[in-house]
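Okay, so here's the structure we're looking at.
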Amino acid sequence: PLAGSIPSFSTEAKYKAEIQEMLDVLEYYNCNAVIFHIRIMNDALYPSELNPRSGYLNTSLDMLPYVIDECHKRGIEFHAWMNPYRISSTGVSDLDALASTFPSNNIASNKANYLATSGGVILDPGLPEVRDFIVDTCMEVVEKYDVDAIHFDDYFYISGVDDSATRAKYNTSNLSTDNFRRLQVDLFMEQLHDEITKYNEENNA
């Protein structure tokens with residue numbers, strides 16, 4: 001949706017026809033997985049209790065079940081592609097105004113959870129509450145939809161951010177800046193892995 005490879009939603013029939021055409025081509029070439037963008041800018045291309053609806057899809061309908069079913073009919077896995085940290089890919093002059101666009105139960109409603117530069121705004125990966133929120137966001141998808149995998153893009157610190165306050169609070173092992181940041185991403189991945197594994201074991205998934 002971000003790149004326009006799937007046009008913005010106009011009608012349900014047209015959207016379904018476009019999905020079918022795309023998947024028919026992939027099936028013809030024996031592709032066995034689709035990596036489908038569902039979280040772009042701390043938003044959701046599906047109904048979510050945690051994240052605001054993405055403007056990239058332009059509909060309130062939940063089209064994910066249809067896309068997933070059409071994949072599985074063709075023997076194609078559906079991998080949900082998510083950008084965990086990214087809020088904006090450009091600089092934002094008024095972070096208070098940005099925070100006000102998110103519902104109160106969303107971690108981005110508090111600018112204290114941001115790392116921002118002229119090149120963009122991300123959620124601070126070093127904050128435990130940020131990791132908890134992104135894990136909850138992923139688990140909402142895992143529990144609601146028959147996805148075969150979760151994929152991440154942009155799961156890194158953007159260049160030039162100042163996370164010194166976070167490091168002062170949580171870098172108890174006196175790691176270098178680079179190693180501290182790597183650890184924060186590792187902690188998120190480990191936490192999510194454990195949550196998905198637990199869910200799969202409890203639900204024979």
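Since the model is a prediction, treat every value here as computed from it, not as a measurement.
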Take a 6.0 Å sphere around NZ of Lys198 and say whether it holds more than 12 heavy atoms from other residues, nucleotides or ligands. no

Over 12 non-hydrogen atoms of neighbours within 6.0 angstrom of NE2 in His193: no

[X] to [Y] - nearest heavy-atom pair and separation:
| X | Y | result |
| --- | --- | --- |
| Val121 | Leu95 | CG2-CD2, 4.2 Å |
| Leu123 | Asn42 | CD1-OD1, 3.8 Å |
| Ser48 | Leu50 | OG-N, 3.0 Å |
| Pro65 | Asp62 | CD-OD1, 3.2 Å |
| Tyr170 | Gly126 | CD1-O, 3.7 Å |
| Val92 | Ser88 | CG2-OG, 3.7 Å |

Please examine the side chains of [Y] and [X], heavy atoms only from C-beta on, and report whether any two atoms are closer than 4.5 Å.
| X | Y | answer |
| --- | --- | --- |
| Ser89 | Met41 | yes |
| Ile107 | Asn113 | yes |
| Leu23 | Tyr28 | no |
| Phe78 | Glu70 | no |
| Asn32 | Ile76 | no |
| Cys71 | Glu77 | no |
| Asp148 | His72 | yes |
| Pro47 | Leu61 | no |

If only atom types and distance count, is the side chain of [X] paired as donor or acceptor with the main-chain N or O of [Y] below 3.5 Å?
| X | Y | result |
| --- | --- | --- |
| Tyr114 | Ala108 | yes |
| Arg39 | Pro84 | yes |
| Asn83 | Arg86 | no |
| Asn105 | Glu49 | yes |
| Ser173 | Leu175 | no |
| Thr197 | Asp194 | no |

Working note: Ile87 + Ile122, criterion side-chain contact (heavy atoms from CB on, under 4.5 Å); need CA distance, chi angles, decisive distance, verdict. CA-CA 5 Å; Ile87 302 173; Ile122 64 170; 5.7 Å; no

For the [atom1] atom of [X] and the [atom2] atom of [Y], what is their distance to the nearest 0.5 Å?
| X | Y | atom1 | atom2 | answer |
| --- | --- | --- | --- | --- |
| Asp132 | Met139 | CG | CE | 13.0 Å |
| Cys138 | Ile38 | SG | CD1 | 8.0 Å |
| His79 | Ile68 | NE2 | CD1 | 11.5 Å |
| Ser176 | Leu183 | OG | CG | 10.5 Å |
| Phe180 | Thr166 | CZ | OG1 | 6.5 Å |
| Glu129 | Asp124 | CD | CG | 8.5 Å |

Determine, using the 4.5 Å side-chain heavy-atom cutoff (strictly less than), whether Ile35 and Met63 are members of one ILVMFWY cluster. no

Not counting sequence neighbours, which residues clear side chain to side chain contact (heavy atoms under 4.5 Å, CB included) with Ser164? List them please. Asp162, Arg167

Does Phe188 have Arg131 sitting over its ring (NZ/CZ under 6.0 Å from centre, angle to axis within 45°)? no

Within 45° of the axis and under 6.0 Å from the centre of the six-membered ring of Tyr46, does NZ or CZ of Lys144 qualify? no

Under the salt bridge (Lys or Arg N to Asp or Glu O under 4.0 Å) criterion, do Arg53 and Asp43 qualify, and how do the steps go? CA-CA 6 Å; Arg53 188 71 172 189; Asp43 53 14; over 6 Å; no

Evaluate the criterion side chain to side chain donor-acceptor pair (under 3.5 Å) for residue pair Gln20 and Tyr66; output intermediate values, then yes/no. CA-CA 10 Å; Gln20 288 180 18; Tyr66 176 79; 2.4 Å; yes

Flag the pair Tyr85 / Tyr155 as yes when their ring centroid distance falls below 6.0 Å, and as no otherwise. no

Residue pair Met82, Ile40: steps toward the side-chain contact (heavy atoms from CB on, under 4.5 Å) verdict: CA-CA 6 Å; Met82 309 175 82; Ile40 301 175; over 6 Å; no

Should Lys111 and Asp96 count as an ion pair when the cut-off is N to O under 4.0 Å? yes

Side-chain ion pair, Arg74 and Asp24, N-O less than 4.0 Å: yes

Can you say whether the rings of His37 and Trp81 are parallel (under 30°), tilted (30 to 60°) or perpendicular (over 60°)? parallel

If the plane angle is over 60° it's perpendicular, under 30° parallel, otherwise tilted; pick one for Phe9 and Tyr15. tilted

Decide side-chain contact (heavy atoms from CB on, under 4.5 Å) for Gln184 and Tyr157; before the verdict, give the C-alpha distance in whole Å, the side-chain angles of both, and the deciding distance to 0.1 Å. CA-CA 10 Å; Gln184 307 319 300; Tyr157 288 71; 3.4 Å; yes

What's the verdict on side-chain contact (heavy atoms from CB on, under 4.5 Å) for Asp94 and Leu98, showing C-alpha distance, side-chain angles and the deciding distance? CA-CA 7 Å; Asp94 189 341; Leu98 177 62; over 6 Å; no

